[in-house]
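Naming convention: chains lettered A, B, ... in sequence-line order (proteins, then strands); numbering from 1 in each chain.
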Amino acid sequence: MIGIYKKELKTYFSTPTGYVFMGFFLLIAGFFFAISNLFSMSADYNGMLGNLTFIFLIVVPILTMRLLSEEMRQKTDILLLTSPLNVNEIVIGKYLAALTVFLITLLITCLYPIMMSFFGEIAVWEIIGGYIGFFLLGSTFIAIGLFISSLTDNQVIAAVVTFSVLLLLWVIDSLQSIVPTTTLSGVVFAAVLVIAVALWLYSAARNIYVSLGVIVAGAATILGIYALNKDVYTGFIGKVIAWFSLMSRYQDFSLGLLSLSPIVYYITFSIAFVFLTAMQIEKKRWS
Amino acid sequence: MIEVEGVTKRYGQRVAVDNISFTVNDGEILGFLGPNGAGKSTTMNIITGYISATEGTVRIDGKDILDQPEEAKKDIGYLPEFPPLYLDMTVSEYLNFICDIRKVPQEERKQSIDKIMDVVKILDVKDRLIKNLSKGYKQRVGLAQAMVGNPKVLVLDEPTVGLDPRQIIEMRDLIKKLGRSHTIILSSHILPEVSAICDRIIIINKGKIVASGTPANLSKRLGGGRLSLRIAASEKQAADVLSQLPGIIKIDLRGSFEPGTVDMVIEPEEDVDIRRPVFNALSRAGYPILMMRPMDLSLEEIFMQVTTQESEVN
């Protein structure tokens with residue numbers, strides 16, 4: 001794992017990728033800092049960080065597009081997969097390398113609050129809390145980018161898809177207010193989910209009986225819950241969407257609050273995507 | 001050392017490798033021969049654990065590649081069809097990285113890398129970026145990569161493809177030299193190469209093993225003991241004498257290439273040595289034999305025969 005980590009980190013700085021990421025990030029961050037803190041003489045640093053989160057949409061694809069797709073294109077994945085390393089070590093090593101580049105960049109931006117401290121009191125702990133949230137949100141996005149990079153051997157496609165998915169996650173809260181909330185729509189949505197799972201299973205395992213079993217079991221569960229408590233389905237689509245709402249969980253950090261549930265949420269989300277990446281690579285060997 | 005048992009690989013409906021079984025003994029060089037798309041690379045990818053077989057098992061030194069992948073993979077060095085090189089690294093950076101992922105202890109590293117670079121002759125390019133190397137050097141760096149960690153087994157997929165004739169000869173000599181201390185499987189679609197390097201050959205076509213044995217053995221078995229003769233007699237005279245001999249299935253006249261002589265190919269029954277009877281009969285009749293040559297098949301002919309007729313020869 002350490003070997004992969006070292007190599008990835010070195011690649012970031014022996015190719016333009018690392019510099020483009022850092023340069024762009026620092027440029028935009030500096031711009032935001034100047035506008036919202038320096039020129040307007042405001043000490044609200046966490047608010048600035050909150051506004052800055054949009055930058056992930058652009059810089060995370062730069063950081064993650066290469067990670068696995070380039071290995072596949074250059075056919076060097078064969079080297080890693082026939083080495084005594086297991087898939088988890090490979091994926092985690094790469095993920096940690098991307099996180100490290102992100103963390104280094106973030107540490108450079110710590111200069112901004114230090115600058116502010118020359119002009120007056122700053123809320124040190126609040127700012128640290130804000131940074132923790134900012135880092136966790138970023139690492140979640142990086143995990144998503146890592147997963148998407150494992151799906152294609154084309155960097156450009158990986159970047160565009162990552163950007164689109166992050167954009168979708170960005171606006172998902174506003175989707176919540178426009179989706180239907182009736183009980184019927186909830187049932188239909190649950191049915192669609194079950195069918196999607198069955199189709200995915202069929203495409204992966206090519207076993208019609210397993211997929212049919214999933215559909216039957218899913219239908220029974222949906223009907224059972226409907227009979228017991230049909231209120232579950234009221235606003236069901238909105239609830240499912242809320243599970244994926246990364247941004248709504250950032251609000252606490254933006255206010256300078258450090259609460260446990262969003263931290264756990266972000267870490268779980270990241271681990272899930274790192275795990276999915278390993279699964280995706282493993283699956284490719286079996287198909 | 002390597003045991004492959006009933007390995008099958010299906011991609012949907014298409015069968016890439018169909019129930020292949022063979023073993024490779026310690027210190028042997030096995031040649032894997034077949035036309036393009038016969039399933040050579042797929043088989044090698046399965047042996048090295050890059051992809052998994054639909055059915056069947058592969059054991060390296062008694063360790064199953066799927067059950068104990070970490071132990072088994074330590075014993076294998078793999079040079080795939082396209083050498084897996086990081087073009088943005090220098091040669092020594094690259095080999096250092098390979099040491100990292102193959103878990104070579106830090107203290108042995110420098111010495112073992114130097115030794116490998118010396119054996120495959122890439123010491124002079126060790127500080128150059130891999131992307132600037134020629135094809136021949138890239139191939140050698142790929143081979144160097146497979147040797148890191150001193151694995152017992154080397155799996156080489158088309159190691160000489162894309163090299164110029166001199167490099168091909170160098171590469172063959174190198175493989176032969178490595179064969180003294182390693183068990184090697186190599187694939188190729190170039191026949192002279194396989195017959196020059198390998199102790200044993202497996203010919204594979206459309207995912208199935210169609211023939212196997214030593215190069216000499218294969219050619220004798222498939223040649224069937226046919227003889228090519230040049231006799232100082234007319235066609236009719238020679239044919240009359242030979243047709244009275246027992247044990248001859250077929251006499252094939254090839255015409256006359258020297259004045260007053262006739263060329264023919266005779267095919268005996270299986271496992272019958274007819275050279276002496278042929279000589280005695282013709283000399284009694286007073287027709288001197290000017291040339292007698294056993295028609296062992298060349299590897300090309302064997303290859304064509306087994307890959308076009310699909311006859312089972314095992």
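Using a 4.5 Å cut-off between heavy atoms, A:Glu71 contacts chain B through its side chain alone, with no backbone atom that close. With a 4.5 angstrom heavy-atom cutoff, B:Leu66 touches chain A only via side-chain atoms. With a threshold of 4.5 angstrom between heavy atoms, B:Glu71 does not approach chain A through any atom at all. When heavy atoms are compared at a cutoff of 4.5 Å, B:Glu81 does not approach chain A at all. Within the 4.5 angstrom heavy-atom criterion, only side-chain atoms of A:Thr15, from C-beta onward, approach chain B. With a threshold of 4.5 angstrom between heavy atoms, B:Ala53 approaches chain A through N, CA, C or O but not through any side-chain atom.
Within a 6.0 Å radius of CZ in A:Phe135, more than 12 heavy atoms belonging to other residues, nucleotides or ligands are found. A 6.0 Å sphere centred on CZ of A:Phe54 holds more than 12 heavy atoms belonging to other residues, nucleotides or ligands. Taking a 6.0 Å sphere around CZ of A:Phe31, one finds it holds 12 or fewer heavy atoms contributed by other residues, nucleotides or ligands. Within 6.0 Å of CD in B:Glu107 there are more than 12 heavy atoms belonging to other residues, nucleotides or ligands. The 12-atom threshold is exceeded at OH of B:Tyr11, counting heavy atoms of other residues, nucleotides or ligands nearer than 6.0 Å. Under a cut-off of 6.0 angstrom, the local environment of NZ in B:Lys135 is crowded, with over 12 non-hydrogen atoms contributed by other residues, nucleotides or ligands.
Two residues are said to be in side-chain contact when any heavy atoms from C-beta on lie closer than 4.5 Å; B:Met89 and A:Lys7 meet this criterion. In this structure the side chain of A:Thr82 never reaches within 4.5 angstrom of the side chain of B:Val155, judged on heavy atoms. For the pair A:Thr76/B:Leu85, no side-chain contact is recorded, criterion being any heavy-atom separation below 4.5 Å from C-beta on. Side chains of A:Leu85 and B:Lys103 form a contact here, defined as non-hydrogen atoms less than 4.5 Å apart. Side-chain atoms of A:Lys75 and B:Pro84, non-hydrogen and from C-beta on, never get closer than 4.5 Å to each other.
In this structure, A:Glu89 CD and B:Glu70 CD are separated by 6.5 Å, a value rounded to the nearest 0.5 Å. In this structure, the separation between NZ on A:Lys284 and OG on B:Ser52 is 13.0 Å, given to the nearest 0.5 Å.
None of B:Val148, B:Ile101, B:Ile76 except one satisfies the side chain to side chain contact (heavy atoms under 4.5 Å, CB included) rule with A:Ser83; the exception is B:Ile101.
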Would B:Asn45 and A:Ile78 count as a side-chain contact (heavy atoms from CB on, under 4.5 Å) if you check the C-alpha gap in whole Å, the side-chain angles of each, and the deciding distance to 0.1 Å?
-> CA-CA 9 Å; B:Asn45 281 339; A:Ile78 200 165; 3.6 Å; yes
Start with the C-alpha distance between B:Tyr86 and A:Leu79, add both sets of side-chain angles, then the distance that settles side-chain contact (heavy atoms from CB on, under 4.5 Å), and finish with yes or no.
-> CA-CA 10 Å; B:Tyr86 290 104; A:Leu79 180 70; 4.0 Å; yes
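At least one donor-acceptor pair under 3.5 Å links the side chain of B:Lys73 to the backbone N or O of A:Leu81. With hydrogens and angles disregarded, a donor-acceptor distance shorter than 3.5 Å links the side chain of A:Arg285 to the backbone of B:Tyr50.
Interface summary for chain B: among A:Ile90, A:Asp77, A:Asn86, A:Ile2, the most heavy-atom pairs under 4.5 angstrom belong to A:Asp77.
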